[in-house]
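Single-structure report; data block below.
Throughout, protein chains are lettered first and strands after them, A, B, ... in sequence-line order, and every chain is numbered starting at 1.
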Amino acid sequence: SQKIEQNSEALNIQEGKTATLTCNYTNYSPAYLQWYRQDPGRGPVFLLLIRENEKEKRKERLKVTFDTTLKQSLFHITASQPADSATYLCALEGTGGYNKLIFGAGTRLAVHP
Amino acid sequence: EAQVTQNPRYLITVTGKKLTVTCSQNMNHEYMSWYRQDPGLGLRQIYYSMNVEVTDKGDVPEGYKVSRKEKRNFPLILESPSPNQTSLYFCASSLSGRVETQYFGPGTRLLVL
């Protein structure tokens with residue numbers, strides 16, 4: 001069955017370091033992958049979308065890679081700040097329906113001063 | 001301001017008492033969707049709608065109904081709520097479908113006793 005895995009353990013890093021979050025998937029061949037940020041008690045906010053023919057995408061301090069061979073996406077935040085502390089979700093199109101979006105459970109990032 | 005609104009934000013009810021959670025977007029989006037979020041399980045899609053009068057099941061539709069009579073509104077109906085429907089619910093919209101930024105509402109926290 002389709003499965004998306006994100007590290008359930010929180011990632012703790014020091015301010016200024018690069019945070020790297022992982023999204024692995026199985027039994028998928030998604031045409032694209034999205035990353036969202038979610039703060040406690042709030043709805044997810046879209047960050048980046050990367051398509052299967054794009055190896056890498058950047059937006060300010062954010063970088064996403066998409067390796068369809070490894071079935072993995074990496075999400076990087078460079079020069080991290082305490083304000084980057086949040087839960088980060090990856091999402092892929094679900095099979096069996098063109099408009100189904102399947103989310104991972106998310107990884108919580110804590111950036112310490 | 002472009003936004004997705006949900007009401008109510010918090011709701012406590014009892015088993016079997018019908019309820020409706022409203023969702024409205026002011027961005028003229030065609031695609032709208034409902035998710036539930038539970039600890040460790042991430043966001044799971046309940047229903048989605050491609051346009052007025054066009055709806056389809058997501059991954060966890062049992063116990064829920066939706067309707068799309070107007071483009072801006074997409075209410076979620078629980079005909080006979082049960083305790084296992086206690087969850088955090090999010091409505092989302094996008095311009096035309098899956099390969100688009102999803103804009104999420106602020107969430108509705110539901111407790112069914």
Side-chain angles (χ1 to χ4, degrees), chain A residues 1-10 21 23-25 27-54 57 59 62 64 66 86-108, chain B residues 2-7 9-10 21 23-25 27 29-51 54-61 66 68 74 87-109:
Chain A
S1 64
Q2 305 156 9
K3 199 172 180 182
I4 301 174
E5 287 185 345
Q6 292 187 259
N7 196 337
S8 58
E9 292 183 15
L21 307 176
C23 177
N24 295 302
Y25 59 93
N27 298 320
Y28 274 106
S29 294
Y32 69 93
L33 185 148
Q34 300 184 17
W35 282 90
Y36 288 78
R37 169 186 172 138
Q38 187 174 22
D39 292 288
R42 308 192 74 164
V45 174
F46 173 81
L47 296 175
L48 282 166
L49 180 150
I50 185 166
R51 300 175 191 274
E52 61 180 340
N53 60 351
E54 298 174 314
K57 201 152 192 181
K59 179 183 175 183
L62 309 180
V64 172
F66 192 9
T87 296
Y88 291 87
L89 312 174
C90 71
L92 300 90
E93 63 173 329
T95 58
Y98 285 119
N99 288 286
K100 290 185 180 180
L101 199 60
I102 310 295
F103 282 82
T107 298
R108 191 165 65 84
Chain B
Q3 60 182 348
V4 178
T5 56
Q6 295 178 228
N7 281 292
R9 294 290 314 279
Y10 304 92
V21 183
C23 173
S24 183
Q25 50 91 7
M27 296 169 278
H29 284 170
E30 292 185 351
Y31 180 91
M32 297 186 74
S33 182
W34 275 102
Y35 297 87
R36 61 178 288 173
Q37 187 172 38
D38 302 288
L41 295 179
L43 283 160
R44 293 180 292 168
Q45 192 172 41
I46 303 171
Y47 270 95
Y48 65 91
S49 169
M50 291 296 295
N51 213 325
V54 181
T55 63
D56 205 351
K57 296 177 181 178
D59 289 315
V60 288
V66 293
R68 187 94 180 271
F74 190 44
S87 188
L88 180 57
Y89 291 87
F90 289 102
C91 179
S93 73
S94 66
L95 187 59
S96 62
R98 61 186 177 99
V99 193
E100 299 283 350
T101 300
Q102 301 279 316
Y103 293 85
F104 282 82
T108 295
R109 191 169 290 279

Give the member of L88(B), D56(B), D59(B), L41(B) that has the highest number of heavy-atom pairs under 4.5 Å with chain A.
-> D59(B)
[X] [atom1] to [Y] [atom2] distance, which is reported to the nearest 0.5 Å:
X	Y	atom1	atom2	result
T87(A)	Q37(B)	OG1	CD	8.5 Å
F104(B)	Y36(A)	CZ	OH	5.5 Å
T101(B)	F46(A)	OG1	CZ	3.5 Å

Q34(A) versus Q102(B), side-chain donor and acceptor atoms under 3.5 Å | no
Enclosure of K57(A) NZ (heavy-atom neighbours >12, cutoff 6.0 Å) | yes
Within 6.0 angstrom of R9(B) CZ, more than 12 heavy atoms from elsewhere | yes
Under 4.5 Å heavy-atom distance to chain B, tell me which part of Q6(A) shows up: side chain, backbone, both or neither.
-> neither
Name the region of R44(B), side chain, backbone, both or neither, that has any atom closer than 4.5 Å to a heavy atom of chain A.
-> neither
Options A105(A), P44(A), G104(A), G106(A), ranked by heavy-atom pairs under 4.5 Å with chain B, top entry | P44(A)
